[in-house]
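Here is how names work: the chains are called A, B, and so on, in the same order as the sequence lines, proteins then strands, and each is numbered from 1. This structure is a prediction, so every number in the text was calculated from the model and none was measured.
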Amino acid sequence: MDLSKTVNLPYTEFEMKANLPLNEPNIIEFWKENRIYYKALNKNKNNNKVFILHDGPPYSNGKIHLGHALNKILKDIIVKYKTLKGYYSPFIPGWDTHGLPNEKAAIDTFKIDRKKVSPIYIREKSKEIAVNYSEIQKEQFIRLGVFADWENPYLTLNPSYESIIVKSFGELYQNGYIYRDLKPVYWCYECETSLAEAEIEYKNKISPSIVVAFKLLNQEFLNKYNLNEAYILIWTTTPWTLPANVALAFKPDSSYVIINYNNNNYIISKEALFNSWQLEFIRKGEYKILFEFNSNELNNLKAKHPFIDRESILLPADYVDISDGSGIVHTAPGHGLEDYLTGKKYNLPILSPIDSEGKFTDEIDFLKSIHVNQANNIIIDIIEKNRLLLNKGNYEHSYPHCWRCKNPVIFRATYQWFLDVQKMKDKLVKEVNQVKWYPEWGLIRMLNMLENRPDWCLSRQRVWGVPIPVLYCNNCKKPNVNKVLVDHIAEIISKEGSDSWFKNDSNYFKPNGYKCMYCSYEDFSKEEDIFDVWYESAVSHLSVLYNNLKFHPSDLYLEGADQYRGWFQVSLITSVGVLDRAPYKAVLTHGWVLDEFGRAMHKSLGNVIDPMEIVEEYGADILRLFFATTEYTNDIKISKKTLATIVEIYKKIRNTIRFILGNLYDFDINAFDLNIDNLLLLEKYILFRFKELLNEIEGFMEKFEFHRYVNEIYDFIVHDLSSLYLDIKKDVLYTYAKDSFERRSTQLVLYHILKSLLIILFPILSFTCEQAYKHLKYTDSISCYLESFPDFNNINFNLDEINNVKNIINLYKSSLPIFEVLKNQGNFKTLNETILKIYSNDNSLLDYFQNNFKLIKEIFRVADIELSNSYNFANLKDKQITFSIGDKNYTLFIDFIKSNYLKCERCWNYFKELKQIENHKVCNRCLDVLKNVGIVI
RNA sequence: GGGCCUCUAGCUCAGGUGGUUAGAGCGUACCCCUGAUAAGGGUAAGGUCUCUGGUUCGAGUCCAGAGAGGCCCA
């Protein structure tokens, strides 16, 4: 007789080796074929619980990187959790498709000469690229296990979406937030377009650096200080902006000086004497201070422009830094934002004699058609010839560059459409304060950013985008914007797409019988500018939430922390502008994925890791588990080493699942009902622990603390299950009669815990849980995702019983080091061949142990236990432990001695006596089992 | 230059309102098991909490400064 054949060893087809890269695609196929995402939605549709996470659209001009993967996986975890909790939680993915990067890509890829082909052709090719990449990204997200309405994503190029873009402009206009104005904007003369702040990169650049003298014209001021003449000094690194100079700005109410050097009098701030700017004679102190005066005396004085017959006015400005340069700032309202604001305040002319290619217009005749870069030297020469140049040199500084073509940009005043952010600032602040920010510092960051937010230039001079819906009267030239007109245009675009604007004549877009709102003329020209792409993604809440889902505001926005300035902010602005409220109730941000040294990933550094490489090597579940174990609100460092750790954690989880599955191979759920009162102590204990676990992890998930969620579950798996409960219960599972009460109740508990584990881990390890779920019997659903999040709250426990088990487990844990020492001395090898000896001089404590004899024996898995109140301290000095019952502490001694018991050949436990069966010796219990199954008569 | 953030064992994370020898897991070393087996169990060694200064009887935990890194902006 082979006794090992009479033992109930685990069996399952759920393999130990995961082989995720190979198996995951099959599971994806299963989800797709069975429409699991949609089934779960349907299931919760009438639950009256809704949770909407609104997806921010990634830009569709490349494959996904780890940042995209992190973002979508985090979103997926939340949506899956909410769905399992019974929420109706549709997740509509989106893509940002218009804009310069794709237009550039089209021009490069298809070698397009912008001046020779029609806008329609460029748009067609841009669309090809955008759609292609959105499809690629979609497949990649699906491969990561992300559940979403992949059949109906929102693309900003969809006509229905475009019409919302157009329509919202009309609504903002009607609400008084839109204006048109000449304004300096970042301008790229290579791309011939204005750029949003988001399209600017700062890089170091070497610029010419000159100090220029403006001759003071006010005789009264000169007389006061007994001077014949004096010059105001300014320092600039952009000589080409001097033709547009109309003012000189000084810091109000500050100390300024008149100094004399080489028989000339110069006016600068007092501070300027002590900083190391360009002038050598100042650095060397070769000047004489003639007078010191309050800068307010400069107010409204006039100076002569260094090479144009024009006066420049002296004005106060708070932003002037008295310790920077001369402390007096050359002001050209057409070429700088602060200059512009000063210009507006004092009604100065806004000069902008530069065309779209960066060349001077005929406003300045000697510079006509000359590019700003060439103009610098010409201007410097003229100033030098006029003997007004005090210094010329080079200066390296951080300077704005175009994010696409990497060329330096300029400030240039042009007519643009603006969204008046200043006007709604109070409302924005109010709304921001009502949003729940995760992490909390998001609130402060958002408020700080809003404070400095300038008005939003909405217009772009490009073709790949949505047209700004304005018609210009061909008679009075005034722009026509109103609700009737805009809604009409939106209607056309919703049917024909924005291509229509580029294909059709201007008058195609006016409603029947429409006349100019100013002069009643009936012939119009189209606006040629398109919307900033940020505007397009900024109205996603109007299209996806308000229009389609009929649910606004959303419960959550979740993006990288860079979006405080980006999508969070622009969405807030359009939402307040149109609907007077924020588009989100809560905002959650994540950090960036960095390399193992904590550096950002850059192509130039060669440290970029492709998420799909990780998926192909380890599997998507590994990447998901990795992200779920990080504190993602900070930046995340990723490396092979870290992934190896994750693989180990994964294996442990998988093996535990597999072991439980294996022990359920003959489980019969109908054996009896789960009635807590019927169960044995350890079964109650493990269920109690699981209930505790559920309560804890739900708290973590509500706060989006996935790493604590996973760690807590993993802790349970390692400590409570694998090393304790499962290890102890092997004896029952393997050697007890199949239908014994002990074995069946253990199986029942294992069944419920496993099923629950698969559900609570599903949001993280979707593939593995789904696969394991298929091996679980007695389930009602075809997918783990169609289950409900487990709830043990209606199970009540006798806390005295539970605490009792806890006490004994603590006794066991603190006894193990003593056992380990004895084992290493060679006295014995395993616990079950030893006798546990407990010494205490407290008889009530010994009674306590006597009453828990069975439990102690089960947990310790020893052959026997001996309790004693007499002992020799000398023999036990290293065997003292502290034992607690409640808050009462006892000191006692623990010893293990090798028993002379005999090993049962079937269950491998040790007994005082065994029975002989055929050629084997077995214990009484095993004998009963063998008789029961008829092996022994 | 400004706003915001991060810095605890080799790695990933815990460490309410400041208070005994700073906790886990993974990894490492060693041991046991061979009926979870390219598994399972156990024990141990690893941090003075980035640095400096301060407040305090007492600080990883509060304050100030520095360093390294990240995002956003000028």
Side-chain angles (χ1 to χ4, degrees), chain A residues 3-12 16-17 197-198 200 202 319 321 324 337-338 397-400 439-454 560-566 569 589-600 625-626 628-631 633-652 654-663 705-708 710-712 714-715 717-719 722-724 726-728 730-731 733-735 813 816-821 823-826 828-832 861 906-908:
Chain A
L3 284 176
S4 69
K5 293 255 165 67
T6 72
V7 163
N8 310 308
L9 295 182
Y11 173 77
T12 176
M16 178 176 280
K17 185 155 169 43
E197 299 98 280
I200 295 293
Y202 281 82
Y319 57 81
D321 183 352
D324 189 35
L337 194 61
E338 286 175 329
H397 58 153
S398 173
Y399 189 86
E440 283 177 15
W441 49 256
L443 172 67
I444 294 160
R445 185 163 179 175
M446 197 66 183
L447 288 174
N448 279 332
M449 283 185 171
L450 279 178
E451 203 169 317
N452 304 313
R453 165 85 211 198
D562 53 330
Q563 299 303 333
Y564 285 105
R565 185 67 184 195
Q569 200 187 78
T589 60
H590 61 251
W592 284 53
V593 185
L594 310 175
D595 74 5
E596 60 180 311
F597 306 108
R599 298 170 314 183
L625 185 58
F626 168 70
T629 53
T630 58
E631 217 288 82
T633 61
N634 293 330
D635 295 332
I636 297 169
K637 284 190 276 185
I638 188 166
S639 67
K640 289 262 173 189
K641 196 176 171 186
T642 312
L643 285 172
T645 299
I646 298 300
V647 168
E648 290 309 312
I649 289 169
Y650 174 83
K651 280 185 183 168
K652 181 73 184 183
R654 186 178 179 94
N655 278 329
T656 305
I657 291 171
R658 179 171 184 268
F659 180 70
I660 299 177
L661 270 177
N663 280 296
E705 293 175 345
F706 309 146
H707 64 290
R708 305 185 77 169
V710 176
N711 277 338
E712 211 60 32
Y714 185 68
D715 244 41
I717 288 176
V718 170
H719 292 125
S722 190
S723 105
L724 192 78
L726 296 178
D727 213 38
I728 290 169
K730 279 183 207 171
D731 184 42
L733 290 164
Y734 294 177
T735 69
K813 299 256 177 198
L816 280 172
I818 296 169
F819 170 77
E820 188 70 11
V821 170
K823 184 187 79 177
N824 288 335
Q825 286 170 1
F828 38 71
K829 290 191 165 176
T830 60
L831 270 170
N832 66 353
R861 287 154 280 169
R906 183 171 176 277
C907 70
W908 298 352

C1' gap between B/rG60 and B/rU17, integer Å
16 Å
Identify all pairs in which a protein N or O lies below 3.5 Å from an N or O of nucleotides 28-34 of chain B, and state each distance.
| unit_1 | atom_1 | unit_2 | atom_2 | d |
| --- | --- | --- | --- | --- |
| B/rC31 | O2' | A/Lys823 | NZ | 3.4 |
| B/rC31 | O2' | A/Asn824 | OD1 | 2.9 |
| B/rC31 | O2 | A/Lys823 | NZ | 3.2 |
| B/rC32 | O4' | A/Lys823 | NZ | 3.1 |
| B/rC32 | O2' | A/Lys829 | O | 3.0 |

B/rG40 OP1/OP2 closer than 4.0 Å to side-chain N/O of A/Lys652:
yes
Can you confirm whether or not the ring centre of A/Phe828 sits under 6.0 Å from the ring centre of A/Phe819?
yes
A/Lys641 side chain: which of B/rA14, B/rG10, B/rC71 is closest?
B/rG10
For B/rG1, the nucleotide meeting Watson-Crick or G-U wobble distances (both under 3.5 Å) is B/rC73
Among B/rG35, B/rU12, B/rC71, the nucleotide that comes nearest once only the side chain of A/Leu9 is considered
B/rG35
Respond yes when some side-chain nitrogen or oxygen of A/Tyr734 is under 4.0 Å from OP1 or OP2 of B/rA36, and no when none is.
yes
Taking 4.0 Å as the cut-off, does a side-chain nitrogen or oxygen of A/Thr589 come that near to OP1 or OP2 on B/rC71?
no
A/Asp727 and A/Ser723: side-chain donor and acceptor closer than 3.5 Å?
no
A/Val7, nearest nucleotide to its side chain (from B/rG35, B/rC72, B/rA36):
B/rG35
Find the distance between NZ (A/Lys730) and CG (A/Asn663) and round it off to the nearest 0.5 Å.
9.5 Å
Determine the interatomic distance between P on B/rU48 and the same-named atom on B/rU52; round to the nearest Å.
12 Å
Within-4.5 Å side-chain heavy-atom neighbours: A/His719 and A/Leu724:
no
Just so I know, are the side chains of A/Lys641 and A/Glu596 near enough to count as touching, which here means a heavy-atom distance under 4.5 Å?
no
With rounding to the nearest 0.5 angstrom, report the NE2 to CG distance, A/His590 to A/Asn634.
12.5 Å
Atom P, compared across B/rA22 and B/rG40: separation rounded to whole Å
31 Å
Of the options B/rA36, B/rC72, B/rG25, whose atoms approach the side-chain atoms of A/Phe659 most closely?
B/rA36
Using a heavy-atom cut-off of 4.0 Å across all strands, would you classify A/Gly598 as base, sugar-phosphate, or nothing?
sugar-phosphate
Where the side chain of A/Leu816 is defined as all heavy atoms beyond and including C-beta, which of B/rA14, B/rG42, B/rC13 is the nearest nucleotide?
B/rG42
Please state the C1' separation for the pair B/rU34 and B/rG42 - nearest whole angstrom.
15 Å
NA contact type, A/Tyr564, heavy-atom cut-off 4.0 Å: base, sugar-phosphate, or nothing?
nothing
Would you kindly check whether a donor in the side chain of A/Lys730 faces an acceptor in the base of B/rA36, or vice versa, at under 3.5 angstrom?
yes
Distance test, side-chain N/O of A/Ser722 to OP1/OP2 of B/rG41, below 4.0 Å:
yes
For the C1' atoms, the ones on B/rU61 and on B/rG1, what distance do you get once it is rounded to whole angstrom?
32 Å
From the list B/rG42, B/rA39, B/rA14, which nucleotide is the closest neighbour of the side chain of A/Lys651?
B/rA39
Considering only heavy side-chain atoms of A/Arg565, the closest of B/rU37, B/rC73, B/rG70 is B/rC73
Say whether A/Thr642 and A/Thr645, considering side chains only, have a donor N or O and an acceptor N or O under 3.5 Å apart.
no
With both distances under 3.5 Å as the test, what is the Watson-Crick or G-U wobble partner of B/rA24?
B/rU12
If pairing requires Watson-Crick or G-U wobble contacts with both distances under 3.5 Å, which nucleotide is the partner of B/rU43?
B/rA29
Under-3.5 Å N/O pairs linking protein and nucleotides 2-6 of chain B:
| unit_1 | atom_1 | unit_2 | atom_2 | d |
| --- | --- | --- | --- | --- |
| B/rG3 | O3' | A/Asn448 | ND2 | 3.2 |
| B/rG3 | O2' | A/Asn448 | ND2 | 2.6 |
| B/rG3 | N2 | A/Arg445 | NH2 | 3.0 |

Measure the CZ-CE distance between A/Arg445 and A/Met449 for me, rounded to the nearest 0.5 Å.
4.0 Å
Rounded to whole angstrom, note down the C1' distance from B/rC30 over to B/rA68.
38 Å
Can you check the distance between B/rG18 and B/rC13, where both ends of the measurement are the P atom (answer in whole Å)?
26 Å
Under 4.0 Å between a side-chain N/O of A/His707 and OP1 or OP2 of B/rU12, yes or no?
no
Watson-Crick or G-U wobble partner of B/rA64, both distances under 3.5 Å
B/rU52
Less than 4.5 Å apart, side chain to side chain, heavy atoms only: is that true for A/Pro439 and A/Thr589?
yes
Atom NZ of residue position A/Lys813 - does it have more than 12 heavy atoms of other residues, nucleotides or ligands inside 6.0 Å?
yes
Separation between the P atoms of B/rA24 and B/rA64, rounded to whole Å:
34 Å
